[in-house]
Structures are given as structure tokens and as C-alpha cells.
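Throughout, protein chains are lettered first and strands after them, A, B, ... in sequence-line order, and every chain is numbered starting at 1. Values below: every heavy atom of this structure, side chains too, minus hydrogens, waters and symmetry copies.
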Amino acid sequence: MHHEWVSLIVCATARPFFSVENRVSWYIIMTEQLPSYLDVLNDEQRRAVLHTGNPLLILAGAGSGKTRVITTKIAWLIREQGVDPRSILAVTFTNKAAREMAERARLIDERASNAMLRTFHSFGAWFLRRNGAAGGLSSNFVIYDDDDSLALLAAILEGEPRAELRSIANSIARAKDYFLSPDDPEIDLIDPRAKFRTAYAQYEERLNRIGNVDFGDLIKKPVEILRGVPEVARRFRERFRVIMVDEYQDANIAQSQLLSELYSPGAYLCVVGDDDQSIYSFRGAEVQNILDFPETFANSDIVRLERNYRSTAPILRAAASVVDHNTGRLGKTLRAERGDGKMPVLAFLPDQDEEAAFCAELIGTGTAGKNARAVPYSDWAIVYRTNAQSLGFETEFLRRKIPYRVVGSLKFYEREEVKDTLALLSFLVNPRDEVAFRRMVNKPSRGVGPATVSRIIEKAMSLKLSVNFDTQPHSAQGANLALTAQSMRHELSSKAGAGIAAFLKAVEAGRAMLAEDSADNDEHEGEEKPASRKPPKSVSGLRSGEGLSACVVALAEESGIAEYHLTNDEISGNQRLANLQEVANAASLYAASQDGLLEFLEHIELDRSMGENAADDNNAVTLITLHNTKGLEFRRVIMTGIEQGIFPRDDKHDEDLEEERRLFYVGATRAMDELYLTSCAERRMYGRTSPMEPSVFLREIDRDTLRIVGNAPYGFAAGFSATHSANTDGAYTQRRGEQLQRGYSPNGYPQNKASSDGRWSLGDKVYHDDNGYGYIQQIRESADGPVVKVRFESGQEKQFLSHHQSSHYTKIRED
DNA sequence: TAGTTTTAAGTTTTT
DNA sequence: CTTAAAACTA
């Protein structure tokens, strides 16, 4: 009888579940009652799990259960193959994926929690913390984010324009992605400017001196150490006998080099990926890694997972019909195991406000008939190309009281007051941190101007050369800025000297809150604090709790940062203080020691999703960028802003356009049951409203898989033949001709022959004070009256409101 | 110099 | 429209 109940469940779950809750109960049943947890796998999945020996490449289509394969494989290796969990290394790209993998593997076998499941960058940080000395890096390094890198670069290239700095910083990051050093001949492929090469070299030199690392270093430096120190390489190759990589299509050159260095013949290597989901080439990801896998690793095997258990057939067809336009893909056919379902809906809407309202309407009512709230909010995801697009939905949802959560754009750690505090903490742990020093030594104002700061830093650099260089040629350590500043006090003005003293006093106050570390031990929970370390009395109202939070509060108070932000900004001062309190609260989970502080800072740098996961069980709509959706799934997905210039951006061509297409594919394949696409006729950007064209992707979709609603532009109207191809030039030109005849505007939306106020007609010649002569190309009605679009002889187009700016335009009579 | 006002520039996408 | 950098004044 009990057995029947089990098989009933198994029967009902013949189609694997994908929601977390279901998955949990399902695995428990399977592992307890059935002969093997492998029974839930299909043939290909099982083949992938049971595979041993040669390197394995798993080509896993969207929704084909790749995470299940990886986690099951980890458990199977431990259980059936007697593999020591500690010898397993599995790397992912996102913290979320790493967490999910660890959790799911542990559900099958508890021992999986001893395996090393990390993101690439977190693994790199872990590696460097222990083996950095072999490369001249001391273990108290702090990780610089992009802002910090930019600040350092700005200090090196004084007076360089902002845009130039950003461009160089970007090139430096890219160079590291490709494992290129300043003296590499291939560096020109990244950026041929000599300026870049010297800047990169200077940046590296300065960063070494500071003793911190940037994101790229977390991958690049471990590879250098593994190559340069055979002893370290041997140790790591001996330890990691199994190496697995998720989302391999997103690995960059440096990351694949890291894998090569860790891998040794005799170990087992398994990578999982999907070339159709490669969406990070702008960040150095190389699809070539996955395409070249068979050559890079001799005798490798390939398993394809092509059964999709997530989406219904029409959704999958629509997604595939877009990515099919790409050339240069491995090519695969996903089968929809769930069979038929609802047709995706393509909605044409007037503007972004209507778009937000449309989404709210869908979500508010649900599609479950009369029972308006049968569909939980959490079933829905609003997906967009750029973070800025979330704003419109947020305001609309706020107004309608629809609960939502925004994924990824959490700018908490970028806030000024938070960065200030983190800079102080960084300086505490590494007093060579020039960037932190520059940022905080005169904040709040202490009379320490740029001239003084430069003198201190130059002095420190000269100290480094005369004192440390000869004795420690390989450690490349810079001087302690706190000590240098202290020693220079007598040669500074009294004002500057007093300012320095105040700054150093604040740093000392923070340091006093830290316990000495006992050698290399793990941090001790609940160690008692010496009586001397009592939290200071609070001026600003910040409260210190457990552990490290006392240190954070002491720093914020003593440095005057708390007071500065509280009094400086009357409107948001309290919010700023609350943010500081939030930092202190987060710190309370860490030990009040140097090691605890390092852990805290590393955690913040590598995982900024703080609090987002806690909201997982909340019943809220998800607002998320296309890139962030990778690896996720939702019952109902609305892809918004499918307009030319937004998605794809109009500077995308060839390779880049193909990547945008893959992005479309990723977004659409997140949907399980229902998919909606929205496209607006006009959109406000930079405060201005501009007309939009439907995305080329909408012309590429197999029209038979769509239901079109709303005010469709020409070529999309109901009943229009779906069998045309926008790629055929002739057909396209013909349609353009027809559409103009029928009174459609060039962007495909209906237009008027003359403005309703009678002032302008299509084809009129006009003169503009600044832009010269031009012709009226388009007239349409908006909420603010007629909008006239002019194409000037220069080729540029402008538009204006008829009643508004007509004073600048003069109508020219032509016979 | 510090704190203000004015002007220009900008939005991909992320560990 | 929002944000950051240059420009300006007390």
C-alpha cells in the first residue's frame, strides 16, 4: 500500500518538477523509497552522470536538467565511486548557482557539503588567500571593485578625462580576461593604443605595491602562481581529482587556463554548457572554449541533452525561431517534453506607461479566469534589457500595490556612505591601500588637501624603493601609509597635521575593536572580548551588536562619517544612517578580528546580492534584466521593450547581434507556461520621447507561434501572411513601399498626412535656425498634440511638438 | 579651499 | 531625466 503511494507519486512526477519545493520532496521520496536516485534521469542524463574516464563535454540545452545532472553526478561520485568529497571542485559563474548546486547535491548526499562548490572568483580568492605569497601577495589583500580600479587609474593618470579613464580601465579588465600582461605582444588586440599599454603597466605596478587585487587578478594571478610554482601546482592537482564547470560557454580565456592548470591526466573533467546561451562575450567569454573542448582535451566524450522539460512547445518554437537566424552555432533541436500549450502573445503598445499598465493588468487579473488571484505574484517575471527600464514598472506596481522585487540592481554597496565605511575597513586591514586612503583621509574635511595627500603618497613610494626594494625584491610591497603619514606630521602645516592625526585616531579606534588572530586558525565563534574593547558611546545613534559590528560602528563614529552624512543631507540623512546600520548588522555575523574583517570584505566584494535570496519565498513579481535570468525559470514571463535600439541596441552588428539573439533565446526559454512580448511605439529616454521601431527579432520570430494584440504596426497586423522573411531584401523593400502608400510611418506605425492643427503637412520643406533645411518625414498625434519629425539635409532627424517649438521652424514654400 | 551652482554627458549587459 | 564633472563665489 505504501509502495503504491510511492509509485503514484513517481507516476505523477514522470515529468520532472522544477520548482524548488517540489524538487525537495521529490528527491526525499526517491532516495528513501526507490532503488536509485538515478531512476529519475532520462537516458542521456544518466549517461552523463555515469560517465567516467575521459574528459566530458555535456551540451545541455535550456531546461534540459543540467543542474540536476551535475548535482546527481557529484553525489554519485561520492556514493558509488568512493570519491572523497574534498577532492571535488565544481565551479559556477554566479553565487546563486553555486548555492543552488551545493544545496541540491547535499539533498542527495550529505557528504557533498564537503566538496568545493564555488564561483570562479570565489575560488580564486580562496586560492590567493592561501597561496598568494608565492606570487608576492600577502594574505591580507582586499578585492577592488571596478570603481576602486577606476579611482586608482585616475590617480595614476592625473588630469585624464573621465571617459578616457573608463575606456582604459575597461581595456585592462579585458586584457586580464584574456590572460594578457602589459608586455604581451598580443596586448594590441585588446587595445592598440600605446597609452593603454603604459597605463596598464603602471596600474599593475601600483596595484602590486598596494597589495590588493582586482576582479581579473582573482583568475589571472592563480594561473601565474600555478605555472610559476610547481610545488603549488602539484599540491592542487593532487587534491582535485574531479573538476566540474557549469555554464562553460561563459568561461573566458583566463578561466579556461585556470582549469587547464588544475587539471592533470588521471583527474576527471566535466564541463556543461550551451553555445546558444553564451551572452557574456562583452566580458571576455569565449564560446570558442566550448567549441574547442574536444581538441584541447584529447579523447573527450560528448553527451547532448536535448529534451526540454521546462517550456511548452509554442514557447520553445518561438525562442528557437529567433536563434535559428544565427550562423556559427553547434546547432541542436530541443524537444518539448511538456507538449503543447498556450501561444506566446506579442503586444504592441503606445508607450512605456501603457506597457507597465499592460503588465500590471496581466498580473493583477491573472489568466486563470474569474478567480483573480489564483496565480501567485511569484509566478511572474518582468524581463528587460537594461536596468534603467525597471523604474517604470516599479512606480506602476507601487501605485497598484503589486508586490515586486528587483533582482540585481541593488546598488546598496555603491552608495557613498557605504563605500566610505568599507574604504575605512579596507584601510584598517591593509594600510597600504592608496585608494581607500585618498578617499577617506580628508572626509569629512580635515584640512588635508590634494597637495598634502600627494606628498604623503609620494613619500611612501620613495620609502618603498629605498627600504623594501632591496631587501624584498620579490614581494614588491609598498609602504604603510598610516605610518608614513604619522612620521611626516612635523613637516606638514599644523592644520594638515591635525587632520592626519584625527584620521589616524579614527583608524586606531577601529583597530582597537579587533582581537589578535591566533595564528592561522579558523575564527573562533563567541570568543569573549577583552575588557579594554568597549564600544564607544554613540553620537549618531548607530548601535553595535555582535562581533565585527562594534568595529564598524566605532569607525563610522570616530571618523565622523556617520555625523557627516547625517547632517550633510537633511532629506536622506536618516536613510544614509540606516544604511550604515545595515552594514554594521551584516558585520555582526563575522568575528571581531583581522580574519573576520577580511572575510566580511571578501564576502561583500564577491556577493552583492545581500538579502535577495531571503525574498525567495515572498510572493512577489520579479523584475530582472535578461542577463540576470540565466539559470532561472518562471511560470510566466513578460519580455518588455522589444524595440529596435533597446533590444537589440542599434550599434549591434554581426557577432554582437548574434549575442543579442542568444539573449532573446535565454529570456524566452525562462518561461514555463506563458510568454508575453511587448513592444512600444514610442519611449521616453534621457527625458525625451522618441519613436521606436519593433525589434528585428519580432520580424524573425515564426509568426505561427504568436498571437498578436494591440495596435500592430504594418507587417504585424492580424491576418498578414506569416511566411515572409525580413531577411529577403526584395520582399522587405516591397513592404516598405506598400506601407508608405497605406499611410504607415517609416517605423511601421499608422501616421497622419497632416497635423491636426493644420500647421504642417507630410513632405513640407522647413528651415531650422540651427539645423538648416529639411523635409517633414512623419506626423503623428500624441497626448501633447501633433508630433512632427524632420529629416535635415545633414542626414540627422529631429522631432518637435507642433505647438511648442514651431517658432524655431519656418515652413518654406516650394513649387 | 570648501561648498555651491551650472553644464554636460550618459544607459548595456556582471563576477 | 538623472548623475557626475567643471566652474564659480564666498
Side-chain angles (χ1 to χ4, degrees), chain A residues 91-98 118-125 143-147 149-150 154 159-166 170 173-174 176-177 213-220 246-247 250-252 254-255 278-285 352 383-392 395 407-411 413-416 442-452 493 495-496 499 564 568-569 602-609 624-631 641 645-652 656 659-660 662-664 666-667 683-690:
Chain A
V91 282
T92 64
F93 281 88
T94 66
N95 294 291
K96 189 176 262 174
R118 283 173 182 259
T119 64
F120 265 107
H121 290 86
S122 136
F123 174 77
I143 301 164
Y144 273 172
D145 65 15
D146 292 348
D147 276 350
S149 299
L150 194 63
E160 200 72 26
R162 195 82 189 163
E164 193 71 0
L165 289 173
R166 290 194 71 168
N170 190 54
R174 211 71 326 112
K176 293 191 176 186
D177 286 342
V213 298
D214 61 21
F215 273 113
D217 287 338
L218 292 176
I219 311 297
K220 187 165 175 271
D246 191 16
E247 309 279 16
D250 287 333
N252 60 36
Q255 285 160 337
S278 164
I279 54 175
Y280 283 109
S281 73
F282 68 92
R283 218 175 64 191
Q352 59 197 339
V383 181
Y384 37 78
R385 181 64 233 271
T386 63
N387 275 307
Q389 286 167 259
S390 75
L391 217 76
T395 42
V407 175
S409 79
L410 207 69
K411 289 183 239 148
Y413 292 105
E414 281 161 34
R415 290 170 182 277
E416 186 187 350
N442 195 35
K443 191 170 183 179
S445 307
R446 300 187 179 97
V448 186
T452 312
S493 70
K495 199 169 98 187
Y564 170 83
N568 224 10
D569 197 331
E602 178 172 318
H603 180 85
I604 284 174
E605 285 307 326
L606 296 181
D607 185 3
R608 302 194 151 181
S609 65
I624 191 169
T625 63
L626 280 160
H627 281 85
N628 264 323
T629 61
K630 192 149 64 88
I646 301 267
F647 185 37
R649 284 174 64 98
D650 31 34
D651 54 346
K652 297 287 181 183
D656 290 343
E659 179 146 309
E660 296 278 299
R662 292 193 289 269
L663 198 50
F664 185 97
V666 167
R683 182 174 289 275
R684 272 193 315 279
M685 293 165 86
Y686 308 121
R688 255 175 224 292
T689 305
S690 20

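Taking only side-chain nitrogens and oxygens, A/Asn95 never comes nearer than 4.0 Å to OP1 or OP2 of B/dT14. Dashed line: the shortest gap from a side-chain N or O of A/Asn628 to OP1 or OP2 of B/dT14 is under 4.0 Å. Note on A/Thr625: a side-chain N or O is less than 4.0 Å away from OP1 or OP2 of B/dT14. Residue A/Arg385 places no side-chain N or O under 4.0 Å from the OP1 or OP2 atom of B/dT13. Phosphate proximity of B/dT14 to A/Thr94: absent, as no side-chain N or O sits under 4.0 Å from OP1 or OP2.
Nearest-nucleotide assignment on DNA chain B puts the 5′-proximal partner with A/Asn442, out of A/Phe282 and A/Asn442.
The pair A/Glu659-A/Lys652 does not count as a salt bridge, with every side-chain nitrogen at least 4.0 angstrom from each carboxylate oxygen.
When Watson-Crick and G-U wobble pairs are counted only if both distances are under 3.5 Å, B/dA2 pairs with C/dT9. When both distances must be under 3.5 Å, the Watson-Crick or G-U wobble mate of C/dT2 is B/dA9.
The NZ-P distance, from A/Lys220 to B/dT15, rounds to 22 Å in whole Å. To the nearest angstrom, P of B/dT15 lies 10 Å from CG of A/Leu606. A/Arg162 places its CZ atom 4 Å from the P atom of C/dA5, with the value rounded to the nearest Å. If you measure from atom CD1 of A/Ile279 to atom C1' of B/dT15, you get 13 Å, rounded to the nearest angstrom. Per the geometry, CG belonging to A/Leu165 stands 15 Å off P belonging to C/dA4, to the nearest Å.
Between A/Asn170 and A/Arg174, the side chains place a donor N or O and an acceptor N or O closer than 3.5 Å (distance only, hydrogens not considered).
Contact of A/Lys652 with B/dT13 (side chain to base): no donor-acceptor pair of N or O atoms is detected under 3.5 Å.
Under the stacking criterion of a centre-to-centre distance below 5.5 angstrom and an interplanar angle below 30°, A/Tyr280 is not stacked against the six-membered ring of B/dT13.
Taking only side-chain atoms of A/Arg283, from C-beta outward, the nucleotide of B/dT14, B/dT13, B/dG3 with the closest atom is B/dT14.
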